[in-house]
Novice: 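To start, I am sharing the structure in question, which I have written as structure tokens.
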Amino acid sequence: MNYKEKKIVFFGTPEFSMPTLKKLVDNKYNIIAVVTQSDKKIGRAQTLQETKIKQLAKSYNLEVIHDLNKLANFLVKEKPDLGIVVAYGDFLSEKILKQFKVGCLNLHPSALPKYRGPSPIQTTILNGDKKTSVTIIKLDKDMDHGPIVKQKKVKLEKYETADSLHDKLSIKGAEILIKILPKYLKNNIKVKEQDHSKATFSKILKREDGLINWQQTAEEIERMIRAYYPWPGTYFKTIINNQEKNIKIHSASLSKNFDSEIGKLVNKNGQLIVQTKDKSISINSLQIEGKNIMSAKEYINGYLK
RNA sequence: CGCGGGGUAGAGCAGUUGGCAGCUCGGCAGGCCCAUAACCUGCAGGUCGCCGGUUCGAGUCCGGCCCCCGCAA
């Protein structure tokens, strides 16, 4: 049987999964179903919205499954060869994994065994790493634990945000996966066990993780702003017109030290400066709760008269 | 009807008990200066989101509608 006729089930949910699914379709792999999370209520209107992958799958007329019981029956019936899992968003049980003749491949945006878990991209930037990797592993019964099929290094730009790195890794990951897939399907590739003693973990991010503690160093805060952009965002609380408001910082850079009051936004020669534990940072763009994003200059004009 | 903030000059904002619509920045013109994003002088720029109501008089009070945004998901 031609390797391109082998039955593949794709698992994915958000934007990160899209380049891989696109490439699989472009390269005419035999995708028999796409598994994704169920529709979620989204936005102020609370309307039900399909996941990015569901939208894409539908545009390709692929069968979409989100019910895991249905999936179990489907797998028993179809006897698929391979599962490809890219940011599916849920743990797959061993029972499901066993249904695939050659197992399931997973694309993970970090240099495994470093940063297993749900927020590897953010953690990479938060820790100030200069480089990372995309890693393809064969899934086993533990989270991000399986043997490495392929790993490729990726350099970070100096001002890399989680957003830009996310896009970069999703595309790079898709390319690598497509490249190794023929070999893998022909059983022509060696896998390598992870060095489990070196495993580290990234945590699930919550909104509160983005709350700035100005007692941290300027470098830590600047990295946090890039790591948590655009989600969960980096913010602090302040009083505007006698109301407590959150201010989200979209972009900032390290600045020379101005030695002003810690955590207070001040105008220094047209720059919007805030003092941290050690040095100052210069805010480039920010957003007050309820307002549109604005530049530092606009904030100074409107709020720091 | 999930909760909340907002719509005033090109941008960001203020506008008190209803009584000549303002501030900072930007724009234009001129000046100063070796020079400037600095400084000085002057000018232009508004359907106060839309519709209706109350009033001698509404940015402001009342009713309805449209739009933007934060939280939540």
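Letters A, B, ... are given to chains in the order of the sequence lines, protein chains preceding strands, and every chain is numbered from 1.
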Novice: Once the angle between the rings of Y229(A) and H250(A) is folded into 0 to 90°, is it parallel (under 30°), tilted (30 to 60°) or perpendicular (over 60°)?
Specialist: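 It falls in the perpendicular class, over 60°.
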Novice: Give me the distances for all protein-to-nucleotides 1-5 of chain B N/O pairs that come in under 3.5 Å?
Specialist:
unit_1	atom_1	unit_2	atom_2	d
G2(B)	N7	R44(A)	O	3.3
G5(B)	O2'	K245(A)	NZ	3.3
G5(B)	N2	G290(A)	O	2.7
G5(B)	N3	G290(A)	O	3.3

Novice: C13(B) phosphate, OP1 or OP2: any side-chain N/O from Y303(A) under 4.0 angstrom?
Specialist: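 Indeed, a polar side-chain atom of Y303(A) lies that close.
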Novice: Between A44(B) and C32(B), how far apart are the two P atoms, rounded to whole Å?
Specialist: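 Per the computed distance, 23 Å lies between those P atoms.
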Novice: Between G2(B) and C48(B), how far apart are the two C1' atoms, rounded to whole Å?
Specialist: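 One C1' to the other, the span is 32 Å.
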Novice: Please measure how far the C1' atom in G49(B) lies from the corresponding atom in C39(B), and state the result in whole Å.
Specialist: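 These two C1' atoms come out 39 Å apart once rounded.
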Novice: If we take the C1' atom in both G53(B) and U16(B), what is their distance in whole Å?
Specialist: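 These two C1' atoms come out 25 Å apart once rounded.
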Novice: Round to the nearest Å and state the distance from K41(A) atom NZ to A73(B) atom P.
Specialist: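 Rounded to whole Å, this separation is 12 Å.
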Novice: Please enumerate all residues that pass salt bridge (charged side-chain N to carboxylate O under 4.0 Å, His left out) together with E289(A), with sequence neighbours excluded.
Specialist: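 E289(A) satisfies salt bridge (charged side-chain N to carboxylate O under 4.0 Å, His left out) with no other residue.
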Novice: What interatomic distance, in whole Å, is found between C1' of C23(B) and the corresponding atom of A9(B)?
Specialist: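 Straight-line distance between the two C1' atoms is 12 Å.
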Novice: Counting only heavy atoms from other residues, nucleotides and ligands, does the tally under 6.0 Å from NZ of K245(A) exceed 12?
Specialist: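 More than 12 within 6.0 Å, yes.
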Novice: In whole angstrom, give me the gap between the C1' atoms of C25(B) and A37(B).
Specialist: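 It comes out at 12 Å once rounded to the nearest Å.
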Novice: State whether Q287(A) places a side-chain N or O below 4.0 Å from either non-bridging phosphate oxygen (OP1 or OP2) of C69(B).
Specialist: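 False: Q287(A) side-chain N/O out of range (4.0 Å or more) of C69(B) OP1/OP2.
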Novice: Consider the side chain of N292(A), meaning its heavy atoms from C-beta on, and name the nucleotide among C68(B), G26(B), A11(B) that approaches it most closely.
Specialist: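 Within the option list, the nearest is C68(B).
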Novice: Which of the following nucleotides, G26(B), A11(B), C71(B), is nearest to the side chain of N301(A)?
Specialist: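 So the side chain of N301(A) is nearest to A11(B).
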Novice: Mark yes when over 12 heavy atoms from residues, nucleotides or ligands other than K152(A) sit less than 6.0 Å from its NZ; otherwise mark no.
Specialist: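 12 or below, so no.
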